[in-house]
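My questions all concern the structure below.
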Number of protein chains: 2
Amino acid sequence: MFFGENEPADYVYKVVASAVRTYKVLADGRRQIRAFYLPGDVFGLEANDTHTFSAEAIGDAKILVVKRSALMALATRENQVACELWSMTGQELRRVQDHILVLIKSAKERVVGFLLEMAERVPSGNHIDLPMSRQDIGDYLGLTMETVSRTLADLESGASIELASARRIVLYDRGALGRLNG
Amino acid sequence: MFFGENEPADYVYKVVASAVRTYKVLADGRRQIRAFYLPGDVFGLEANDTHTFSAEAIGDAKILVVKRSALMALATRENQVACELWSMTGQELRRVQDHILVLIKSAKERVVGFLLEMAERVPSGNHIDLPMSRQDIGDYLGLTMETVSRTLADLESGASIELASARRIVLYDRGALGRLNG
DNA sequence: CGACGCCTTGATAAATGTCAAACGTCGTGG
DNA sequence: CCACGACGTTTGACATTTATCAAGGCGTCG
């Protein structure tokens, strides 16, 4: 675990290997996963002084760490850097907005949207190796693990994907998936 | 209507009176309302060059307009301004993250969360005057208008709120509402 | 007064969640 | 090397939640 909700944001992180999830846990134990960060992604950058989410590794991740204060000092001297930071937060904002868009859709659309998002972020031919569990996917999409599993099975029976193994998914028909995505 | 999705972000806006909604419309006609902006709120500020949402007035709104290029020019000269803009985008990010948190909850929790959010943003004693329709609320919460209406009726029968009129809601028991909020 | 828009209410259907059991896979220890 | 156990996943039966479709009510404004 890298940091917890409401802790001071002293560092900024970059994923080198494996993956990281950021999340919140509600009072009754439900967990909402806000984002998955894959190799190359930056996380933990806050415009304000505290983290709004907890972050932890999925598997044994390799991470680069930068002191936030160093970045801030640089930003107050070089406005180029300040604008860059602003732009990164803007990108994060877009990601979250896209995530919201997913959450108002049906279970099938959510799962399809998730697959397409992952496929786009990890371009490795036409298959995806998921680093996260079904429970993680469910908490990300606002669905139960069971619904995720059933929906994947359903997509497989529609010949759009193949579940080579639980964590490896082959995308056969992106056109069909795109149409299912609403 | 102030601007549409994917249009160039040439201006930044501030609500003076009434309210504004930003939204996206999906291919099949479903509408997702991303935010309501109330008097005092700023909207339309983008870190990048295009808007990601459409924006339109609810009722006849009064709005202040600022050229974005002027802001950007200021930001490249005064890093204080750049940091301020970054911070505003950060606040926006938090708002959207809170919105996500609402969307994974049950209908009752969503509506309660919405009421508490509105009550916090428009502090006017213990009642709220909603500028938006039930349909708007539904599109904001990812529910149908009917479910919103039913849930409000349900809350009223639980004596937590009173529907003085369709658009005026009196909050009787914020403690109970807070508990319902999860 | 009447028409129109918005809101509420009801009956029913569809989607998703819950609980429980079976299945697979992988790593460990005999 | 095989058996076992732990854990993640899948599948099934059923309950619950929410959407859909349709009708009726209420308030406002011409």
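Since the structure is predicted, the reported quantities are computational estimates derived from the model, not experimental observations. Reckoned from all heavy atoms, side chains included, excluding hydrogens, waters and symmetry mates. Every chain is numbered from 1, with letters handed out A, B, ... down the list of sequences.
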For the side chain of A166(B), counting heavy atoms from C-beta on, which of dT9(D), dA11(C), dC7(C) is nearest?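 Of the options given, the side chain of A166(B) lies nearest dC7(C).
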
Atom CD1 of I104(B) and atom P of dG17(C): how far apart are they, to the nearest Å? 11 Å

Which part of the nucleic acid, if any, lies within reach of L152(A) when heavy atoms closer than 4.0 Å are counted: base, sugar-phosphate only, or nothing?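 Nothing, no heavy atom under 4.0 Å.
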
If we ignore angles and hydrogens, is there a donor and acceptor under 3.5 Å between the side chains of E56(B) and Y23(B)? yes

Could you check whether R110(A) gets within reach of a base, just the sugar-phosphate, or nothing at all, counting any heavy atom under 4.0 Å? nothing

Tell me whether the centres of the aromatic rings in F3(A) and Y13(A) are closer together than 6.0 Å. yes

Looking at side-chain heavy atoms only, is the closest gap between R167(B) and D129(B) below 4.5 Å? no

Can you name the nearest heavy-atom pair linking A55(A) to T22(A), along with the distance?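 Nearest heavy atoms, A55(A) then T22(A): CB-CG2, 3.8 Å.
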
Any donor-acceptor N or O pair under 3.5 Å, side chains E5(A), T52(A): no

Could you state the atom-to-atom distance from CZ of R167(B) to P of dC6(C) in whole Å?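 About 8 Å, once rounded to whole Å.
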
Do Q32(B) and I100(A) come within less than 4.5 Å of each other through their side chains, counting heavy atoms only?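 Of all side-chain heavy-atom pairs linking I100(A) with Q32(B), at least one is under 4.5 Å.
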
What's G138(B) touching, base or sugar-phosphate or nothing? Going by heavy atoms closer than 4.0 Å. nothing

Axis-to-axis angle between the two ends of the helix from dC1(C)-dG30(D) to dG30(C)-dC1(D) (five base pairs per end, rounded to 10 degrees): 20°

Atom pair distance, as rounded to whole Å: CZ in R134(A) and C1' in dG24(C):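 Roughly 13 Å, once rounded to whole Å.
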
Hey, is the side chain of R150(A) poking within less than 4.0 Å of OP1 or OP2 on dG12(D), counting only N and O atoms?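 For dG12(D), neither OP1 nor OP2 has a side-chain N or O of R150(A) closer than 4.0 Å.
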
Rounded to whole Å, the CD-P distance (Q135(A) to dT18(C)) equals 11 Å

Could you check how far CG of D154(A) sits from C1' of dG12(D), rounded to whole Å?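 That distance rounds to 15 Å.
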
Closest to the T144(A) side chain: dT18(C), dT9(D), dT8(C)? dT18(C)

Compute whether any side-chain donor of one residue and acceptor of the other, for E162(B) and Y172(B), lie under 3.5 angstrom apart. yes

E146(B) CD - dG25(D) P separation (whole Å):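 So the two atoms are 17 Å apart, to the nearest Å.
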
In whole Å, I'd like the distance from the CE atom of M132(A) to the C1' atom of dT9(D). 16 Å

Rounded to whole Å, how long is the line connecting atom CE of M145(B) with atom C1' of dA22(D)? 12 Å

Quick one: is T147(B) getting a side-chain N or O under 4.0 Å of the dA19(D) phosphate, OP1 or OP2? yes

Within the 4.0 Å heavy-atom criterion, would you say S165(A) contacts the bases, only the backbone, or no part of the nucleic acid?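 Since no nucleic acid heavy atom lies under 4.0 Å of S165(A), the category is nothing.
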
